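In what follows, a single structure is set out as structure tokens and then discussed.
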Protein chains: 2
Amino acid sequence: MASDTDTGSMSTDSFDSLAFDVFSRACPSRSTLEHVTGRWGGLTIGALYEESLRFNELRRRVDGVSEKMLSQTLHALERDGLVLREAQPVNPPRVDYELTPFGREVAEKLLGLIHCVEGRMDEVLASRARYDEARGGR
Amino acid sequence: MASDTDTGSMSTDSFDSLAFDVFSRACPSRSTLEHVTGRWGGLTIGALYEESLRFNELRRRVDGVSEKMLSQTLHALERDGLVLREAQPVNPPRVDYELTPFGREVAEKLLGLIHCVEGRMDEVLASRARYDEARGGR
DNA sequence: CTGTATCCCCCAGGATACTG
DNA sequence: CAGTATCCTGGGGGATACAG
């Protein structure tokens, strides 16, 4: 693990002058973005945005995730400073996961995206129907 | 292709009462979200947000994408109604890709996320350093 | 309960060649 | 230029067993 080839430089660009090197493979933010938008990252963050959860609660909440992937995802997010892991030294062990302030900020942006897409799903579905009919025979 | 198992129902939830079934595997918006946030989807949309581009221009812009993946990505985005494909019947062929209004909206949300992360990359890097040092020996 | 270690399968996706 | 078709490999990720 910790195999990212990240170097420490990136551009601080404005919204209008988009010259960021996210397009470059070597951009360090690309890996974080991948953790956030990855298959399980987004769902995990979404779940934690509602409330702080324990490992198996998360596992139940995020439909379809395996122990291994949840573990990996959580580690990546914790490493990036999006998730805080709080282990209580009790028996049986109890570990709570919660979003950091940064994590919450990212979660909100992510939710903005999700809502944007969900609110337009009828359009999407219609577009898909059109597309499939046009070249559906083939 | 067009192998999504999407059914046409989803929840229209508010930002506060998050009861969306995005967490469910069967949620139709999940596939669109995957197209948008996928490895190449986001970068492609980001590139097209700046300007309308042709196939090979895109290929050069999005560092590391293969012909096959760009083609696939573009088809998925076009099908979902995010990208408009305009083929001019000239020789040699010329095809321009541009974002639809919906595509631009999604792009903006996406850029919001990207900027949020990029603007905090120093934190991320610091967090990673801390994390790696803590359990770096292992 | 909270994970880590292992095995292994499958397909995302890269390389290459070819067509219109 | 704008793609499609084919082949092939790496690693994403599931299942299971095990450990603290």
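Heavy-atom basis, side chains included; hydrogens, waters and symmetry copies ignored. First the proteins, then the strands, lettered A, B, ... as listed; each starts at 1. No experiment lies behind these values; they were computed from the predicted model shown.
Separating the CG atom of A/Leu43 from the P atom of D/dG13 is a distance of 12 Å, rounded to the nearest angstrom. For the pair A/Glu34 CD and C/dA12 P, the computed distance is 16 Å after rounding to whole Å. Taking atom CZ of residue A/Arg59 and atom P of nucleotide C/dC1, one finds them 11 Å apart after rounding to whole Å. Here the C1' atom of nucleotide D/dA5 and the CG atom of B/Leu70 are 17 Å apart, to the nearest Å. One atom, CD of B/Glu86, and another, C1' of D/dA2, lie 16 Å apart when rounded to the nearest Å. Between the CG atom of A/Asp96 and the P atom of C/dG3 there is a distance of 10 Å, rounded to whole Å. Across the protein-nucleic acid pair, B/Glu67 atom CD and D/dA5 atom C1' stand 12 Å apart, rounded to whole Å. Look at CE on B/Met69: it is 11 Å from C1' on C/dC11, rounded to the nearest Å.
Taking only side-chain nitrogens and oxygens, B/Tyr97 comes nearer than 4.0 Å to OP1 or OP2 of D/dG3. Here A/Arg54 does not reach the OP1 or OP2 of C/dC1: none of its side-chain N or O atoms lies under 4.0 Å away. In terms of phosphate contacts, B/Asn91 brings no side-chain nitrogen or oxygen within less than 4.0 Å of OP1 or OP2 of D/dC1. For D/dG14, one of the phosphate oxygens OP1 or OP2 lies less than 4.0 angstrom from a side-chain nitrogen or oxygen of A/Arg39. For the pair A/His75 and C/dG3, the criterion of a side-chain N or O lying under 4.0 Å from OP1 or OP2 is not met. The shortest distance between the side-chain N/O atoms of B/Ser66 and the OP1/OP2 oxygens of C/dA15 is not below 4.0 Å.
With DNA chain D read from its 5' end, the first of the two nearest nucleotides for A/Trp40 and B/Arg60 is the one closest to B/Arg60. Remark on DNA chain C: of its neighbouring residues B/Pro93 and A/Pro92, the 5'-side contact belongs to A/Pro92, judged by nearest-heavy-atom nucleotide. Each of A/Val65 and B/Leu74 was assigned the nucleotide of DNA chain D with the nearest heavy atom; the assignment lying further toward the 5' end belongs to B/Leu74.
Comparing C/dT6, D/dG3, D/dC1 by their nearest atom to the side chain of A/Lys68 picks out C/dT6. Relative to the side chain of A/Ser71, the nucleotides D/dA2, C/dT4, D/dT4 differ in distance, and C/dT4 lies closest.
Stacking of B/Arg104 on the aromatic ring of B/Tyr49 is recorded, both the 6.0 Å distance cut-off and the 45° axial limit being met. Relative to the ring axis of A/Phe23, B/Arg61 places its NZ or CZ within 45° and under 6.0 Å from the centre.
Ring orientation note: the planes of B/His75 and A/Tyr131 are nearly perpendicular, at an angle over 60° on the 30°/60° scale.
A salt bridge links B/Arg120 to A/Glu105: one of the charged nitrogens lies within less than 4.0 Å of a carboxylate oxygen.
A side chain to side chain contact (heavy atoms under 4.5 Å, CB included) with B/Ile45 holds for exactly one of B/Leu99, B/Thr37, B/Thr73; it is B/Leu99.
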